Amino acid sequence: MNIPLEQLIRLGGLLHLALIIPISLVPFVLDWKKELSPLPLMLRRLFWTYGGFIAGIIVAFGLISIGLATHLVDGHPVSRAFCGLIAVFWTARLIVEFTAFEVGSYLNTPFKKYSYPFLLLNFAAMVVIYAYVGIKQGGI
Amino acid sequence: MNEYIEVIFRLVAVFQFILVILNLFLVPLFGWKQTLNTVPLLLKQVFYVHCWFLSFALFIFGVLTWCLSGQIIPGTEISRLICGLIAGFWTLRFILQFTYYSRLLWVGIPDRTLVHYMISFAYGGMACLYWYGAFPFDL
């Protein structure tokens with residue numbers, strides 16, 4: 001089976017952009033405004049800055065993947081590095097999900113409970129897509 | 001001149017690797033471990049995970065900058081777009097340093113004032129450099 005790499009990268013880009021919705025819900029679900037209020041001002045600001053920039057980076061990965069799909073499959077070392085690093089990024093994110101987070105008590109509504117596996121599938125799909133494209137364009 | 005541009009971009013890549021290390025040790029550097037124990041567990045974990053992944057994103061910026069440094073002049077489509085996005089990142093970070101982080105955090109505290117101006121200069125400088133990479137012209 002010969003899967004067109006360019007289309008796969010575009011799909012990866014769309015999967016990144018699809019994360020905008022769950023990411024923007026995180027501060028509300030975890031009630032950041034209330035829970036962070038006892039923290040010192042600088043730490044509180046850093047919390048929001050981290051969150052905002054992580055969201056921005058994910059959107060940027062999505063935009064690069066969609067806008068530069070043709071270039072990202074051209075076999076150039078930069079393209080391979082980009083795909084490989086994104087695959088590592090999401091692999092690490094998936095590992096963290098199972099080793100660092102205790103999300104059980106937060107999955108307290110049917111919507112959260114049933115949408116959570118799709119979030120994990122999204123992470124896993126991005127690992128597979130970017131790893132596959134990175135390896136495939138190396139002629140392996 | 002192009003060789004100098006390549007060297008400057010490589011230095012910026014190395015600087016971003018240094019930022020990765022600093023960012024990973026921010027909690028012990030500022031003595032925030034105890035303070036973070038006062039927030040719910042998941043929130044604390046989110047903070048650490050964001051810290052790690054932002055560091056990893058900076059690492060990606062560093063690697064891409066290092067790989068692209070030879071293409072900045074005359075500029076390929078991929079180098080220009082990636083430079084543009086990294087430029088946007090550092091421009092926003094520079095703006096936030098003055099608009100989001102309160103002046104109360106550093107005004108009147110000499111070492112913090114120094115750090116504030118140093119990082120503002122670094123963020124602003126990187127933003128300018130990457131904008132140059134996004135819209136290169138012969139110097």
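These numbers were taken from a predicted model, which means no experiment stands behind them.
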Using the rule that Ile, Leu, Val, Met, Phe, Trp and Tyr join whenever any side-chain heavy atoms are under 4.5 Å apart, tell me whether B/Phe56 and A/Leu94 fall into a single cluster.
yes
Can you find a pair of side-chain heavy atoms, one from B/Ile60 and one from A/Ile57, that are under 4.5 Å apart?
no
One should read off an interatomic distance between B/Leu96 CG and A/Phe53 CZ, to the nearest 0.5 angstrom, of 5.0 Å
Tell me whether the rings of B/Phe47 and A/Phe47 are parallel (<30°), tilted (30 to 60°) or perpendicular (>60°).
tilted
Which region of A/Val96, side chain (C-beta onward) or backbone (N, CA, C, O), has a non-hydrogen atom less than 4.5 Å from a non-hydrogen atom of chain B, or is it both or neither?
side chain
Which one wins on heavy-atom pair count under 4.5 Å against chain A: B/Leu85, B/Ile78, B/Leu43?
B/Leu43
According to a hydrophobic-cluster definition based on side-chain heavy atoms being under 4.5 Å apart (Ile, Leu, Val, Met, Phe, Trp, Tyr only), do A/Val127 and A/Leu17 belong together?
no
Please identify, among A/Leu36, A/Leu63, A/Leu72, A/Leu30, the residue contributing the most non-hydrogen atom pairs under 4.5 Å to chain B.
A/Leu30
Nonpolar side-chain network containing B/Leu114, other nodes, edges under 4.5 Å:
B/Met118
Interface moiety of A/Leu85 toward chain B, non-hydrogen atoms closer than 4.5 Å:
both
Around atom CZ of B/Phe135, are there more than 12 heavy atoms from other residues, nucleotides or ligands closer than 6.0 Å?
no
Looking only at heavy atoms and a cut-off of under 4.5 Å, which of B/Val27, B/Val46, B/Leu41, B/Leu104 has the most pairs with chain A?
B/Val46
For residues B/Leu54 and B/Phe30: do they belong to one hydrophobic cluster (side chain heavy atoms under 4.5 Å, members Ile, Leu, Val, Met, Phe, Trp, Tyr)?
yes
Taking the side chain as everything from C-beta on, heavy atoms only, tell me whether B/Leu36 gets closer than 4.5 Å to A/Leu43.
yes
Side chain from CB out, backbone as N, CA, C, O: work out which of these in B/Phe53 comes under 4.5 Å of a heavy atom of chain A, or both, or neither.
both
Please determine whether residues B/Phe89 and B/Ile8 belong to a single hydrophobic cluster, defined as Ile, Leu, Val, Met, Phe, Trp and Tyr linked transitively by side-chain heavy-atom distances below 4.5 Å.
yes
Suppose we count any N or O donor within 3.5 Å of an acceptor, strictly below that value; which pairs fall between chain A and chain B?
from, atom 1, to, atom 2, distance (Å)
A/Arg45, NH1, B/Tyr100, O, 2.4
A/Thr49, OG1, B/Tyr101, OH, 3.0
A/Tyr50, OH, B/Asn23, OD1, 2.7
A/His71, NE2, B/Glu77, OE1, 2.9
A/His76, NE2, B/Gln71, NE2, 3.1
A/Ala100, O, B/Gln45, NE2, 2.5
A/Glu102, N, B/Gln45, OE1, 3.3

Joint cluster assignment, A/Ile86 & A/Leu14, ILVMFWY side-chain distance < 4.5 Å
no
More than 12 non-hydrogen atoms from neighbouring residues, nucleotides or ligands closer than 6.0 Å to CD1 on A/Ile21, yes or no?
no
